[in-house]
Amino acid sequence: MTQPSSPVSLTRFLIEEERADHISADLRLLIEVVARACKTISIAVGKGALGGVLGDAGTGNIQGEAQKKLDVIANDVLLEANAWGGHLAGLASEEMDHSMPIPDVYPRGNYLLLFDPLDGSSNIDVNVSVGTIFSVLRCPEGVTTPADEHYLQPGTAQVAAGYCVYGPQTTLVLTVGHGTHAFTLDREVGSFVLTTRGIRIPEETREFAVNASNQRFWEPPMQRYVGDMLLGNQGTRGKDFNMRWIASMVADVHRIMTRGGIFSYPLDSKCAPKGGKLRLMYEANPMSFLVEQAGGAASTGRQRMMEVQPSGLHQRVPVFLGSKAEVETAVRYHAEHDAAG
Ligand code: P6P
């Protein structure tokens, strides 16, 4: 990881990416709008009990989850910020049953924005880091009023992805397909400042992140994979492992971005009927783009995540992502199991 010589703002970074022909002016402006929305969300999250934003909203979403007040607030902030900008043709959210074309009263652009406005929101009331995850796709040629099916593009079609983690620092981690970079919010100035250009995730790791309470529900290859890690240097892996589980994907992934590791939410017999717990379009795919651009790997356990052909806006998938060699090991356990029939 290299540190910039003098502070580079997100705005300057994006202008440099545009000058390098990595992004269009429209995409630059879209990312700026999303970043500004994340600043607003960060302020709301930071108020906690003082802002009357804790607790349940008294409503539910398509996921069948009770919405937190901040889920709704974050969703509204992103909707309002992006409606009038003119960079989007439409947007889709974890908190909305269907995608939404930009209202006719506003100009439409050529991009589709998908987001989980506040991931890990069950942690809000206990003051644990949460975050916003977003993914940007191109609106298909000739489509002026996008519907759900126009979002069903594989992760390889993403033109940008990012997350903003609301923790001790508010940090935006972004890729536009040319590396993954971190920007820390300077609260005194109110702007995101480039703090790490070119994140590199270590290929090897001794740290895994999984909700071990689901162990008895896992598939056999997952049982064997984690079992061998728990045996440490007494087992076939020949080294000891550490475990972390924050139960906030953005926080767990940010740790992996910072020091390596493997994150997994595998199939278990509870979530298998739905295909997994985590959502492909606005959790797994954007995180996979960020991780791959940082030298890591991301898989369903049996397929490169970003090559999954989506079948639904809220489709769920098993997730393995992080240190490349460790993800490859997890995939090998699944391949060996499947080959044994
Ligand atoms: P569990 C948060 O609800 C989330 O979607 C991810 O952020 C997180 O990794 C996972 O679910 C936690 O799931 O079953 O451990 O509560």
Side-chain angles (χ1 to χ4, degrees), residues 38 41 45 54-57 59-75 92-96 114-135 161-167 171 173 207-219 222 226 243-258 261-288 290-291 296 298-301 305 312-322 327 330:
C38 289
I41 295 168
V45 168
L54 300 183
D56 289 348
T59 52
N61 62 19
I62 190 173
Q63 324 289 342
E65 297 161 344
Q67 289 176 305
K68 296 289 187 184
K69 288 177 188 169
L70 272 169
D71 282 322
V72 177
I73 291 167
N75 196 60
S93 166
E94 176 183 292
E95 301 302 332
M96 302 188 319
L114 303 95
F115 52 82
D116 179 354
L118 205 61
D119 180 71
S121 52
S122 58
N123 289 299
I124 291 167
D125 296 351
V126 295
N127 200 14
V128 167
S129 301
V130 292
T132 297
I133 310 171
F134 65 91
S135 171
Y163 64 79
C164 193
V165 54
Y166 311 116
T171 302
V173 177
E207 196 159 66
F208 67 97
V210 71
N211 181 339
S213 70
N214 292 326
Q215 188 266 347
R216 65 187 185 281
F217 302 116
W218 294 337
E219 293 182 272
M222 184 67 185
V226 174
M243 196 195 103
R244 287 283 181 275
W245 186 250
I246 305 173
S248 174
M249 186 184 196
V250 173
D252 277 315
V253 171
H254 193 67
R255 184 189 57 253
I256 288 169
M257 284 287 179
T258 308
I262 182 169
F263 169 97
S264 177
Y265 211 106
L267 272 184
D268 63 48
S269 52
K270 294 185 298 179
C271 67
K274 296 179 185 173
K277 170 161 189 183
L278 302 182
R279 276 63 54 148
L280 173 65
M281 297 306 294
Y282 38 78
E283 289 175 336
N285 269 344
M287 289 306 199
S288 298
L290 289 160
V291 163
S299 172
T300 64
M305 186 65 72
L313 200 55
H314 300 290
Q315 174 179 348
R316 297 168 187 257
V317 286
V319 177
F320 295 80
L321 58 79
V327 171

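When a ligand or atom number is given, it counts from 1 through the structure's own listing order. Just so it is clear, the model here is predicted, and its values are computed rather than measured.
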A.B. asks: Is S248 in polar range of ligand 1, meaning some N or O pair under 3.5 Å apart?
C.D. replies: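 No, there is no polar N/O contact under 3.5 Å.
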A.B. asks: For atom 6 (C) of ligand 1, which of R279, E283, M249 has the closest heavy atom?
C.D. replies: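 Comparing heavy atoms across R279, E283, M249, the nearest one to atom 6 (C) of ligand 1 lies in M249.
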A.B. asks: Do D119 and Y282 get their side chains close enough for a donor-acceptor pair, meaning under 3.5 Å?
C.D. replies: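 The criterion, which ignores hydrogens and geometry beyond distance, is not satisfied for Y282 and D119.
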A.B. asks: Would you mind listing which atoms of ligand 1 come within a distance below 4.0 Å of any non-hydrogen atom of N211?
C.D. replies: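 Atoms satisfying the 4.0 Å criterion: 1 (P), 14 (O), 15 (O).
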A.B. asks: Is there a salt bridge (Lys or Arg N to Asp or Glu O under 4.0 Å) between E207 and R255 once you walk through the steps?
C.D. replies: CA-CA 10 Å; E207 196 159 66; R255 184 189 57 253; 3.6 Å; yes
A.B. asks: Any idea which heavy atoms bring D71 and L118 closest together, and the distance?
C.D. replies: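 That closest heavy-atom pairing would be OD1-O, 3.2 Å.
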A.B. asks: Considering only non-hydrogen protein atoms, determine which one is nearest to atom 16 (O) of ligand 1 and report residue, atom name and distance to 0.1 Å.
C.D. replies: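 Nearest neighbour among protein heavy atoms for atom 16 (O) of ligand 1, to 0.1 Å: K277 NZ, 3.6 Å.
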A.B. asks: Can you list the ligand 1 atoms lying under 4.0 Å from a non-hydrogen atom of F263?
C.D. replies: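 Checking each atom against F263, I get 9 (O).
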A.B. asks: Is the shortest N/O to N/O distance between W245 and ligand 1 below 3.5 Å?
C.D. replies: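 Between W245 and ligand 1 (N or O atoms, distance only) the closest approach is under 3.5 Å.
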A.B. asks: Please name the pair of heavy atoms, one in E94 and one in D116, separated by the smallest distance, quoted to 0.1 Å.
C.D. replies: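 Taking every non-hydrogen atom into account, OE1-OD2, 3.0 Å.
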A.B. asks: Looking at ligand 1, is there an atom of it that comes within less than 4.0 Å of some heavy atom belonging to D252?
C.D. replies: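 No, D252 has no heavy atom closer than 4.0 Å to ligand 1.
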A.B. asks: Under 4.0 Å from a heavy atom of D119: which atoms of ligand 1 are those, numbered in the order shown and with their elements?
C.D. replies: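 Those of ligand 1 that fall under 4.0 Å from D119 are 5 (O), 6 (C), 7 (O).
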A.B. asks: Identify the heavy atoms of L313 and M281 that sit nearest to each other, and give their distance.
C.D. replies: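 So the minimum-distance heavy-atom pair works out to O-CG, 3.4 Å.
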A.B. asks: Using a 4.0 Å heavy-atom cut-off, which part of V250 comes near ligand 1: side chain, backbone, both, or neither?
C.D. replies: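 V250 to ligand 1: no contact under 4.0 Å from either part.
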A.B. asks: Among protein heavy atoms, which lies nearest atom 14 (O) of ligand 1, and at what distance?
C.D. replies: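 Closest protein heavy atom to atom 14 (O) of ligand 1: Y265 OH, 2.6 Å.
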A.B. asks: Numbering the atoms of ligand 1 from 1, which are under 4.0 Å from a heavy atom of A247?
C.D. replies: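 Contacts of ligand 1 toward A247, numbered from 1: 2 (C), 8 (C), 12 (C).
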A.B. asks: Restricting to non-hydrogen atoms, name the atom on P286 and the atom on L280 that form the minimum distance, rounded to 0.1 Å.
C.D. replies: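 Here P286 and L280 meet closest at CD-O, 4.1 Å.
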A.B. asks: Counting only heavy atoms not in N211, do more than 12 sit closer than 6.0 Å to its CG atom?
C.D. replies: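 Atom CG in N211 is crowded, with more than 12 foreign heavy atoms closer than 6.0 Å.
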A.B. asks: Which atoms of ligand 1 are found less than 4.0 Å from any heavy atom of G120?
C.D. replies: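 Reading through ligand 1 atom by atom, the close ones are 2 (C), 7 (O).
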A.B. asks: Hey, can you tell me if W245 and F263 have their rings parallel, tilted or perpendicular (30° and 60° cut-offs)?
C.D. replies: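 W245 and F263: parallel rings.
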